[in-house]
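First up is the structure itself, then whatever we jot down about it.
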Amino acid sequence: MPHETDSTPASFPERLIDRFDRHVSYVRISVTDRCDFRCVYCMAEEMTFLPRSQVLSLEELALVARAFVELGVTKIRLTGGEPLVRKNVVWLCEQIARLPGLRELVLTTNGSQLERLAAPLAAAGVRRINISLDSLDAERFRRITRTGDIDKVLRGIEAARRAGFERLKLNAVILKNRNHDEVHKLVAYAAEREMDLSFIEEMPLGVIGDHDRAEAYYPSDQIKADLERHYTLIPTTETTGGPSKYFRVAGTAIKVGFISPHSHNFCHLCNRVRVTTEGRLLLCLGQEHSADLRQVLRDHPNDIDRLKHALVAAMAIKPKGHDFRLDQAPIILRHMSVTGG
Ligand code: SAM
Ligand code: SF4
């Protein structure tokens, strides 16, 4: 795409629309590929992380966020890896939260740093937080996360509750024979604290070497059936524009969601793109179509118009959808921690 010279004012669309008439209004940005946990479904035990020079700087990340918001994006989620292990992440939150036009800055975390960071994040303008919690049992939690300390995470959740976020949500990846029998306990924990809870089916992203993903697969419909032995689930049409199907839990103030990339295709509703830690714009979680934003950023530092051109051009390669197959070797070799879950 030609780039206007400085003498020609650049003109940009107000919104990012792809070939299938989907409006991209939501961006998930991975601020680091590093993490203090090694969850069995997400990472291998031994991970090689990216050299720092390949990772976008906080200033570059802030510019990417601004470019998106100037093109009509209204929601940004910071994720990772573990976003809260990135130094000065609160500064980045402040920069993004104040962008005119952005409705929501949200964040996904494993909770390990929340005891220290919940209040500064709320003050910086983060509106909502999703916290991953796969088990309430210390030993199991340790086995699933390999390094995680459940007490620290639970203290982090309490700190987040005190910090005054609009809403807190829990995420739990459910694996057969690891935590599938705990789903009702997780709902009870969430209901007591008035936090919504989403159950996630494991996705085949990256080689993890821990377990056979097909054997560990525990479908959302099964989780729902298990929960219905303890709770009444009332279907709701409420949606966050994402792949979750929501149900109200009768007698509580919460909703449970089911994220099932295998069992329910949600691609036609897709309103999102992702930016990896290295500045790769990923047009689909389950495909490799991407654009190299880091190259644009490093060839033309601080040139937001160049960046916006690259974002607009990338809409032409957002694929129609994906098809995860558990009976095949992973076709997507990047880990969720690089992609930004
Ligand atoms: N470290 C943070 C956390 O764990 O919440 C943020 C990044 S993590 C990659 C984001 C979400 O992706 C978490 O809820 C995690 O459980 C989920 N996740 C990671 N690997 C996954 C996989 N292979 N399939 C499904 N969900 C996965
Ligand atoms: Fe880290 Fe989150 Fe991946 Fe677990 S799911 S290893 S906490 S990035």
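In each ligand, atom 1 is the first atom listed, and ligand 1 is the first ligand listed.
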For ligand 1, is there an N or O atom under 3.5 Å from any N or O atom of [X]?
| X | value |
| --- | --- |
| T108 | no |
| Y41 | yes |
| G81 | yes |
| M203 | yes |

Report task. Let me know which of L61, V27, L105, T109 forms a side-chain contact (heavy atoms from CB on, under 4.5 Å) with L78. Result -> L105

Report summary line: When I304, L297, L311 are each screened for side-chain contact (heavy atoms from CB on, under 4.5 Å) with V64, the one that passes is L297

Query - N/O donor-acceptor pair under 3.5 Å between N179 side chain and V173 backbone - result: yes

Query raised in the report: Under 3.5 Å, side chain of R22 to main-chain N/O of R19, donor-acceptor pair present?
Result: no

Within the 4.0 Å heavy-atom shell around [X], which atoms of ligand 1 are there?
| X | value |
| --- | --- |
| C42 | 19 (C), 20 (N) |
| N171 | 14 (O) |
| T109 | 2 (C), 3 (C), 5 (O) |
| T79 | 6 (C), 7 (C) |

Is the closest heavy atom of [X] to ligand 1 under 4.0 Å?
| X | answer |
| --- | --- |
| G80 | yes |
| M43 | no |
| S30 | no |

Report task. Show your reasoning for whether ring pair (Phe, Tyr, Trp, His ring centres under 6.0 Å) applies to F12 and H309. Result -> CA-CA 8 Å; F12 293 101; H309 274 297; 4.8 Å; yes

Report summary line: The option among R34, E82, R28 carrying the non-hydrogen atom nearest to atom 2 (C) of ligand 1 is E82

Query - Enumerated ligand 2 atoms positioned under 4.0 Å from heavy atoms of F37 - result: 6 (S), 7 (S)

Requested in this report: Report yes or no: does G80 have a heavy atom closer than 4.0 Å to ligand 2?
Outcome: no

Requested in this report: Determine the interplanar angle of the F258 and F247 rings, folded into 0 to 90°, and report it as parallel if under 30°, tilted if 30 to 60°, perpendicular if over 60°.
Outcome: perpendicular

Query raised in the report: With a cut-off of 2.8 Å, does C39 place any N/O/S atom under that distance from atom 4 (Fe) of ligand 2?
Result: yes

Query raised in the report: Would the number of heavy atoms belonging to other residues, nucleotides or ligands and lying under 6.0 Å from CG of N302 be above 12?
Result: no

Report task. State plainly whether the residues E46 and R38 are in salt-bridge range, i.e. N to O under 4.0 Å. Result -> no

Requested in this report: Mind listing the closest non-hydrogen atom pair of M43 and C35 along with its distance?
Outcome: CE-CB, 3.5 Å

Report task. Decide yes or no on side chain to side chain contact (heavy atoms under 4.5 Å, CB included) for N271 and H23, but give the supporting numbers first. Result -> CA-CA 6 Å; N271 63 347; H23 170 202; over 6 Å; no

